[in-house]
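A short worksheet on the structure shown next.
Throughout, a chain's letter reflects where its sequence line sits, starting with A, and its residues are numbered from 1.
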Amino acid sequence: MPEDVVDASEVEQSQGALEALISERRRKRDDLAAAGLDPYPSRFDRSTTAGELHLAHDGLEADQRTGQQASLAGRVVSMRGHGKLIFVTLADQSGTIQLLIQESRRSEQAALVVEALDLGDWIGVHGEVITSRRGELSLDVDDIQMLSKALRPMPDKWHGLVETDTRYRQREVDLLANAESRRVFDIRFKAIAALRRFMQDEGFVEVETPILQPMAGGAIARPFFTHGNALDIELSLRIAPELYLKRLVVGGYEKVFEIARNFRNEGVDTRHSPEFSALEAYRAFGDYRDGMDLAERMIVAAAEASIGTMTVTAGERTLDLSPPWPRRNLLDWLEEVTGERLHPSDPVEKVRAVCDAHQCDYLEEWTSGKLIFELYDTVLLPLVADPVFVYGIPIDVSPLARSNDDDPTMADRFELCIDAKEFVNGYSELNNPEVQVERFARESQLAAQGDLEAMPADAAFVRALEYGLPPTSGIGLGIDRLVMLLSGVEAIRDVILFPMLRPESFD
RNA sequence: GCGCCUCUAGCUCAACGGCAGAGCAACGGACUCUUAAUCCGCAGGUUUCGGGUUCGAAUCCCGAGGGGCGCACCA
């Protein structure tokens with residue numbers, strides 16, 4: 001082959017296949033503009049939506065004309081051409097509807113738009129609501145406007161977008177191409193709306209507390225750090241809203257909640273995201289039992305509103321969320337399973353022996369209470385399928401919880417477990433400032449001994465307690481996990497719209 | 001952080017040491033009841049990147065990058 005011919009084809013190819021597809025669409029857009037039709041008009045008046053039309057007319061016999069004129073707007077998701085007749089599937093947020101575009105009926109403007117039409121374009125259409133000869137509800141289109149010309153080719157209309165990387169990085173494409181993805185996020189936002197409604201109906205006030213904090217507290221986790229220029233101070237991103245919310249209860253807000261984005265600078269996996277959402281609620285004059293009641297009703301309300309059933313699937317198994325949920329004492333249950341009656345006051349050797357017998361790893365410095373909690377995590381938690389409250393948790397791992405009146409080594413604290421995962425953590429709040437100081441001191445001591453999990457003392461919080469925190473019940477719900485449960489997906493990234501990923505390079 | 005897997009056309013996937021292919025999307029054409037429309041034609045590639053082995057590499061080896069999954073930490 002002569003040199004110059006080779007060069008020419010290389011120049012042609014250097015444009016790239018994707019660029020060629022985009023240029024083609026650009027050309028169509030420019031053709032429209034040249035014909036005096038704005039490919040990006042400012043607005044469009046629609047009279048109805050695909051969903052409303054289906055509600056109004058589904059069940060109609062084939063080949064009917066309703067006489068109803070309608071204007072619809074949406075994205076072209078499929079086209080089936082038959083020469084002088086084209087079937088288009090139009091998608092709006094409410095669903096999809098078929099358009100019948102007949103050459104004999106359409107306007108001149110419509111003809112130009114059809115000429116320039118590609119999958120993915122946003123269009124506005126007008127016509128009569130009819131059913132096709134096959135009985136599908138359709139709009140017999142007489143006019144079309146381009147509302148926004150899409151320049152990039154859409155993913156495969158049958159397989160959608162599969163590659164997880166692209167699905168997370170270009171969530172907009174995932175959403176427009178994959179109905180399953182839309183389903184999951186619809187559940188998410190319905191559930192969150194339901195939680196908010198439920199809390200408001202219960203008389204809780206929704207509040208906002210700082211995300212940028214001088215010292216991240218209220219949980220045990222490594223924070224993200226940033227710098228505040230104006231004050232020239234180091235700030236942490238919140239790991240939990242707990243301490244600020246309790247200060248609001250001190251201030252007289254008897255029922256408060258916050259839907260809080262929390263940030264933890266820790267491992268990322270199927271169940272953990274650096275950025276995640278929690279609902280924390282505090283109710284004056286209640287204790288941890290009220291927390292269990294609240295958690296149960298809250299989750300049931302969210303399930304009802306988002307999926308309309310108490311049956312969910314988690315991997316291979318089917319779970320039943322129907323209340324009431326059993327409440328099991330941790331030490332009793334542990335005895336049932338291991339055959340050993342353990343207590344935080346037991347010598348560590350005794351508890352370690354049980355750990356050894358159940359493949360539960362531990363560190364040298366752990367107390368009996370901490371070991372018991374670890375046994376719960378490794379031995380009991382995996383047994384959980386349907387929801388179960390586990391209450392009575394060692395005080396050693398509960399520095400912000402009130403101790404039990406009859407057994408000061410135990411906290412009046414519970415966790416709600418479903419499908420081998422923790423969903424809610426709640427307790428009677430510790431409101432004795434001096435005991436809180438002791439707890440913080442003990443945590444500091446642990447930190448000094450090298451325990452990376454120790455909680456830093458928060459003097460402002462202690463001062464607040466000194467003004468008087470009423471008896472208070474507090475709970476925290478992991479919203480992402482709840483959405484995973486309700487939607488039946490197994491990766492937390494599938495319930496977060498834009499999960500954290502390494503930045504793309506656009507070179 | 002450590003281990004394993006993965007990356008091929010815009011999308012979904014083949015080819016697994018011997019000429020890089022298909023379907024969808026695109027482009028040209030036929031078609032007024034399809035719905036994964038069909039039919040004919042045409043085009044589309046630095047096989048993620050960089051090295052190496054080989055007569056020959058998408059394929060084997062080494063390294064880098066993206067992503068996924070385990071383990072550890074955590075909710």
Side-chain angles (χ1 to χ4, degrees), chain A residues 9-10 12-25 27-28 62-63 77-89 96-106 118-120 130-138 140 150-170 173-174 177-178 219-222 239-240 262-278 280 361 363 377 381 415-417 421-425 452-453 476-482 484 490-494 499 501-505 507:
Chain A
S9 77
E10 273 174 2
E12 186 73 15
Q13 281 170 10
S14 73
Q15 193 194 11
L18 176 57
E19 281 67 28
L21 292 172
I22 291 175
S23 316
E24 186 62 31
R25 284 167 176 254
R27 181 190 62 74
K28 291 176 181 174
D63 216 4
V77 294
S78 143
M79 287 198 282
R80 299 170 293 282
H82 288 261
K84 291 171 179 151
L85 168 69
I86 304 170
F87 296 94
V88 169
T89 306
T96 64
I97 190 151
Q98 176 167 275
L99 310 177
L100 240 99
I101 305 174
Q102 308 193 61
E103 193 177 87
S104 54
R105 275 183 202 280
R106 69 191 187 194
D118 280 308
L119 292 179
I130 62 163
T131 52
S132 70
R133 277 179 213 161
R134 291 292 172 84
E136 174 153 355
L137 188 66
S138 308
D140 189 11
L151 295 183
R152 286 183 181 266
M154 298 297 119
D156 191 289
K157 69 182 177 189
W158 184 243
H159 301 95
L161 184 63
V162 170
E163 203 184 323
T164 46
D165 186 14
T166 315
R167 288 209 303 117
Y168 297 151
R169 286 190 195 281
Q170 295 180 243
V173 183
D174 180 38
N178 298 331
I220 293 160
R222 293 176 60 186
I239 56 174
N262 295 326
F263 306 87
R264 299 190 183 175
N265 208 345
E266 293 172 343
V268 178
D269 63 30
T270 319
R271 290 181 185 79
H272 300 87
S273 166
E275 197 173 333
F276 68 102
S277 298
E280 285 203 10
D361 296 335
L363 297 177
D377 256 350
L381 198 55
E415 288 194 344
L416 170 66
C417 306
K421 292 189 279 286
E422 293 149 14
F423 279 73
V424 175
N425 183 21
L452 297 171
E453 295 191 349
L477 161 71
I479 286 179
D480 308 280
R481 286 187 175 180
L482 176 63
M484 289 166 70
E490 294 183 2
I492 195 168
R493 281 175 163 177
D494 288 324
L501 295 173
R502 284 184 196 284
E504 270 180 277
S505 66
D507 45 355

Quick one: which of B/A72, B/A26, B/U32 gets closest to the side chain of A/D269? B/A72
If we take the C1' atom in both B/G50 and B/A57, what is their distance in whole Å? 15 Å
Is there a donor and acceptor pair, one atom on the side chain of A/D156 and one on the base of B/G23, closer than 3.5 Å? yes
Taking atom P in both B/U12 and B/C31, what distance in whole Å separates the two? 34 Å
If we take the P atom in both B/G28 and B/C33, what is their distance in whole Å? 23 Å
Looking at A/R80, does any N or O in its side chain come under 4.0 Å of the phosphate oxygens OP1/OP2 on B/A36? no
Return yes if the base of B/C33 and the side-chain atoms of A/D63 contain a donor-acceptor N/O pair under 3.5 Å, otherwise no. no
Can you tell me if A/S78 touches the phosphate of B/C24, counting only side-chain N or O atoms and a distance under 4.0 Å to OP1 or OP2? no
Taking a pair to mean Watson-Crick or G-U wobble geometry with both distances below 3.5 Å, B/C4 pairs with B/G68
Result for 5'-nearest mapping on RNA chain B, choosing between A/D480 and A/E136, is A/E136
Mind checking the P distance from B/A14 to B/A72? Whole angstroms is fine. 32 Å
Rounding to the closest angstrom, what is the interatomic distance between B/C11 and B/A26 at atom C1'? 12 Å
Heavy atoms only, 4.0 Å cut-off, all strands: where does A/E422 land among base, sugar-phosphate and nothing? sugar-phosphate
Could you grab the distance from atom CD1 of A/I130 to atom CD of A/E136, nearest 0.5 Å is fine? 10.5 Å
Complementary nucleotide for B/A30 - Watson-Crick or wobble, under 3.5 Å: B/U38
Opposite nucleotide pairing with B/A9, Watson-Crick or G-U, both atom distances under 3.5 Å: none
Check this one for me: any side-chain N or O of A/K157 less than 4.0 Å away from OP1 or OP2 of B/A25? yes
Any side-chain N or O of A/R502 less than 4.0 Å from the OP1 or OP2 oxygen of B/G66? yes
Pairing partner of B/G56, by Watson-Crick or G-U wobble and under 3.5 Å for both distances, is none
Span that lies between the C1' atom of B/A22 and that of B/A15, in whole angstrom: 10 Å
Partner lookup for B/G50, please. Criteria are Watson-Crick or G-U wobble with both distances under 3.5 angstrom; report none if nothing qualifies. B/C62
Measuring only the C1' atom in each nucleotide, how far is B/C4 from B/U46? A whole number of Å is fine. 29 Å
Return the nearest nucleotide to the side chain of A/K28; candidates are B/A26, B/U32, B/C11. B/A26
Using the P atom on both, measure B/C2 against B/A64 and round to a whole Å. 11 Å
